[in-house]
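Chain letters run A, B, ... following the sequence lines, proteins first, then strands; residues in each count from 1. What you see is a predicted model; the values in this text were computed from it and never measured.
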Protein chains: 2
Amino acid sequence: MNEKVGMREVAKRAGVAISSVSRVLTDSPDVSEVMRNRVLDAVAALGYERDLLAMSMRTGATQSIGFVAINVSNPVIATNSVGAENELSKSGYSLLISNSQGNPELDADYIKHFASRRVDGLILSITDEENPRTLEMLRAFKKPIVLIDRELPADIPAGAVLHDHASGVMPAAQHLINLGHRRIVLISGAPRVRPSRERALALKAAAKTNPDVKVTLIPGGYSEIHGYETTLKIMREPNPPTAIFVGGNQILVGVLRALRELKLKVPTDVSLVTCDDLPLAEFIDPPLARVTRDAMNVGEKAAELLLEQINGAEPRTIILPTSFAVGESCAAPKK
Amino acid sequence: MNEKVGMREVAKRAGVAISSVSRVLTDSPDVSEVMRNRVLDAVAALGYERDLLAMSMRTGATQSIGFVAINVSNPVIATNSVGAENELSKSGYSLLISNSQGNPELDADYIKHFASRRVDGLILSITDEENPRTLEMLRAFKKPIVLIDRELPADIPAGAVLHDHASGVMPAAQHLINLGHRRIVLISGAPRVRPSRERALALKAAAKTNPDVKVTLIPGGYSEIHGYETTLKIMREPNPPTAIFVGGNQILVGVLRALRELKLKVPTDVSLVTCDDLPLAEFIDPPLARVTRDAMNVGEKAAELLLEQINGAEPRTIILPTSFAVGESCAAPKK
DNA sequence: AGGGCTTTTGGAAACGCTCCCAGTAAATAC
DNA sequence: GTATTTACTGGGAGCGTTTCCAAAAGCCCT
């Protein structure tokens with residue numbers, strides 16, 4: 001095997017100019033059939049592979065996309081990334097991933113880093129929509145951006161795949177209220193991020209239908225520890241909530257751990273609704289009532305929107321529904 | 001804001017040669033203090049960012065790593081990737097991900113693609129260790145490779161992070177045998193892949209301690225559907241197993257679904273042990289006995305080994321333990 | 001047969017950097 | 001005071017492509 005075959009070698013072997021090789025390989029319209037065959041033969045004979053890096057260098061397009069995520073090990077985000085990658089790879093794009101792990105500064109660092117790698121676009125599931133450095137980096141990034149359930153100031157042009165959280169949260173809240181719950185706590189995720197905001201809004205809106213219903217919001221972050229500590233705290237207070245609305249799948253694990261520790265039974269002692277599925281959520285005891293969304297689809301749609309923009313289209317926004325799956329984790333509160 | 005500031009602009013502004021700017025930015029030892037400051041001032045004033053792409057072009061190193069994975073939406077793999085990314089980003093490396101989704105040909109395609117992107121190294125969690133095209137691509141890839149619980153022919157030099165599956169499977173098997181189980185089925189994942197192989201080996205070895213124990217292997221793939229269909233089939237046969245050893249977390253979901261459909265209770269009707277954790281495995285009913293491994297650590301170690309190799313070290317192999325967590329999903333079989 | 005087209009091809013300049021090589025200036029040696 | 005080193009700096013080639021421009025080749029027409 002030869003070490004490095006480049007266009008030069010191909011050109012020499014085919015007895016043509018380098019530029020002709022390039023023309024053939026880029027499917028330029030003005031090459032003769034003869035030329036095309038000679039070049040392709042030489043390419044095949046030498047096992048030549050086009051160097052993507054040099055291509056990018058010349059054309060300015062790297063055929064790569066950066067995915068800036070709050071945490072790829074969260075199954076929802078991971079599935080988003082898989083959906084995006086599937087879609088992107090069809091068009092020859094590669095996906096670079098990152099993990100900000102709840103640290104907004106890392107969002108900004110990654111955006112900057114991806115920019116200096118000249119990615120052709122960005123898919124964002126960032127940690128904080130208002131972090132000034134993040135916004136600054138995004139403003140400096142002049143290429144297509146698609147948000148996954150995030151919102152940015154209007155001066156940063158970006159497409160978005162959003163969820164209609166109300167469509168899932170409202171029926172869930174109504175379900176709890178109908179069962180007789182009056183004290184509901186929402187243990188919510190990162191404060192400055194669309195899903196947290198929308199879920200809180202929807203829950204509060206649902207609560208408005210009955211003046212006796214009191215909804216308390218406890219924002220923190222998408223983490224086990226937040227769910228764990230909050231649950232311990234609120235369930236030990238004098239007048240604990242009769243229902244907990246869990247604002248994220250990682251939070252859920254903490255909540256369950258705390259409830260187990262407190263020896264509280266679901267739904268006897270407290271009712272539970274959770275947002276964002278986990279693979280086993282349907283099998284836990286009791287099967288959880290949950291507000292879910294199709295993460296794979298979101299990733300695919302985000303990639304589609306991004307490719308659209310790369311091909312010159314204007315940024316678009318897609319809104320996808322969420323849905324509520326009743327589960328046995330909700331029951332009438334004991335008085 | 002100016003559009004593109006390159007070294008040229010910086011050099012002009014600082015009144016020095018482009019090569020001097022480069023020297024300062026690459027921390028070359030022979031630059032005077034005066035020069036360093038002039039350049040750095042100009043860099044700061046212009047907000048210049050080094051172009052990683054052009055750098056790579058010149059130096060040959062892209063500071064990027066390809067992660068070829070069977071399926072990044074599997075929480076274990078996702079967590080591997082997060083571990084790797086965390087570690088790599090510390091050294092300025094980026095991680096490119098891919099999803100072969102159980103299709104060995106895609107493994108090969110991705111390796112090829114990453115090679116033409118000139119990634120500096122590869123982390124592999126491939127679908128099939130014996131796929132000829134995969135092996136061919138890997139042989140052609142002359143840069144560092146690290147395997148995550150995979151094995152390759154000896155002529156392909158590669159580091160590896162392996163699991164000692166026996167350390168978790170043996171006690172699990174022993175536990176089942178001690179409880180009195182004699183017919184155990186292992187619903188196993190992709191056939192030509194180390195974890196499947198090792199788990200089967202360990203289980204069979206454990207079974208040898210008692211001549212009455214019969215272990216049946218049913219390989220298939222790491223998928224819900226495999227778990228689902230296999231479970232339906234084996235539990236409907238005349239002499240169904242008294243214990244199922246589930247060889248992967250995605251398989252588990254299928255198994256549970258099938259058992260629910262068959263209205264079989266765990267552990268009354270059948271005992272269950274599962275491999276590879278899922279976030280909620282400890283909360284399902286009953287809490288599952290499981291063989292687990294630390295996925296985050298694996299990813300980090302893989303990245304470390306890779307960086308080591310990139311810096312000139314010889315490929316190394318690390319072996320990490322697995323462990324068995326007893327759960328209430330195992331009980332003595334009803335006779 | 002020669003002029004004006006169109007199609008196809010070759011040559012060379014970028015893309016933004018790094019790094020080798022010469023060259024200048026300062027410092028040391030004799 | 002000249003020769004030799006040492007310490008920096010500037011110029012320019014080159015990484016592997018694409019792409020612009022001009023030259024060549026073919027074609028049609030009068």
Side-chain angles (χ1 to χ4, degrees), chain A residues 2-40 42-43 46-64 92 113 115-120 142-143, chain B residues 2-40 42-43 46-64 92 113 115-120 142-143:
Chain A
N2 283 329
E3 265 319 309
K4 2 182 68 183
V5 314
M7 277 195 173
R8 191 169 25 247
E9 284 71 29
V10 176
K12 184 155 22 152
R13 164 131 189 169
V16 301
I18 293 184
S19 48
S20 297
V21 177
S22 173
R23 264 186 298 261
V24 170
L25 263 32
T26 50
D27 289 316
S28 166
D30 24 49
V31 287
S32 66
E33 219 31 54
V34 180
M35 173 67 83
R36 164 161 284 112
N37 292 332
R38 287 182 68 147
V39 169
L40 291 182
V43 165
L46 296 173
Y48 165 73
E49 281 292 326
R50 205 122 124 258
D51 186 314
L52 236 22
L53 195 66
M55 250 174 82
S56 304
M57 178 80 214
R58 186 58 237 250
T59 62
T62 55
Q63 308 273 100
S64 66
H113 181 84
S116 100
R117 274 193 191 281
R118 293 214 226 149
V119 296
D120 296 337
K142 301 294 189 189
K143 296 176 190 164
Chain B
N2 283 329
E3 266 319 312
K4 2 183 65 185
V5 313
M7 276 197 175
R8 193 172 19 249
E9 284 70 31
V10 176
K12 186 158 17 154
R13 165 131 190 170
V16 300
I18 294 183
S19 49
S20 295
V21 177
S22 173
R23 263 186 297 261
V24 169
L25 264 31
T26 50
D27 289 317
S28 165
D30 25 46
V31 287
S32 66
E33 217 34 51
V34 181
M35 173 67 83
R36 164 160 286 113
N37 292 332
R38 287 182 67 147
V39 169
L40 291 182
V43 165
L46 297 172
Y48 166 74
E49 281 293 326
R50 206 126 123 257
D51 187 313
L52 236 23
L53 196 67
M55 247 175 85
S56 304
M57 180 80 216
R58 187 61 242 249
T59 61
T62 55
Q63 307 273 100
S64 65
H113 181 84
S116 100
R117 273 193 191 282
R118 295 215 226 149
V119 295
D120 296 337
K142 301 294 188 186
K143 297 176 189 164

Under 4.0 Å between any heavy atoms, over every strand shown, what does [X] touch: base, sugar-phosphate, or nothing? Just pick one.
{"X": "B:M57", "answer": "base"}
{"X": "B:T26", "answer": "sugar-phosphate"}
{"X": "B:S22", "answer": "base"}
{"X": "A:D30", "answer": "base"}
{"X": "B:R118", "answer": "sugar-phosphate"}

Length of the [atom1]-[atom2] vector between [X] and [N], whole Å:
{"X": "B:E33", "N": "D:dA7", "atom1": "CD", "atom2": "P", "answer": "15 Å"}
{"X": "A:L52", "N": "D:dT17", "atom1": "CG", "atom2": "C1'", "answer": "11 Å"}
{"X": "B:M7", "N": "D:dC15", "atom1": "CE", "atom2": "P", "answer": "19 Å"}
{"X": "A:D27", "N": "D:dT18", "atom1": "CG", "atom2": "P", "answer": "11 Å"}
{"X": "B:M55", "N": "D:dG16", "atom1": "CE", "atom2": "C1'", "answer": "18 Å"}
{"X": "A:L53", "N": "D:dG14", "atom1": "CG", "atom2": "C1'", "answer": "14 Å"}
{"X": "A:I18", "N": "D:dC21", "atom1": "CD1", "atom2": "P", "answer": "20 Å"}
{"X": "A:L25", "N": "D:dT17", "atom1": "CG", "atom2": "C1'", "answer": "10 Å"}

Whether A:S28 side chain and A:V24 backbone form a donor-acceptor pair below 3.5 Å: no

A:S116 side chain vs B:E49 backbone, donor-acceptor pair below 3.5 Å: no

Close side-chain approach of [X] to [Y], heavy-atom, < 4.5 Å:
{"X": "B:S20", "Y": "B:R38", "value": "no"}
{"X": "A:R23", "Y": "A:D30", "value": "yes"}
{"X": "A:V43", "Y": "A:R13", "value": "no"}
{"X": "A:L52", "Y": "B:H113", "value": "yes"}

Approximate separation, where rounding is to 0.5 Å, of B:K12 NZ and B:M7 CE: 15.5 Å

Closest-nucleotide ordering on DNA chain D, the 5'-leading residue of B:R58 and A:G6: B:R58

Proximity to the side chain of A:T59 - top-ranked nucleotide from D:dT17, D:dG10, D:dT18: D:dT18

Presence of donor-acceptor pair under 3.5 Å, side chain of B:S19 and base of D:dG11: yes

Chain A contact limits on DNA chain C, taken 5' to 3' with a cut-off of 4.0 angstrom to heavy atoms: C:dT8 to C:dG16

Phosphate OP1/OP2 of D:dT18 contacted by A:R50 side-chain N/O (<4.0 Å): yes

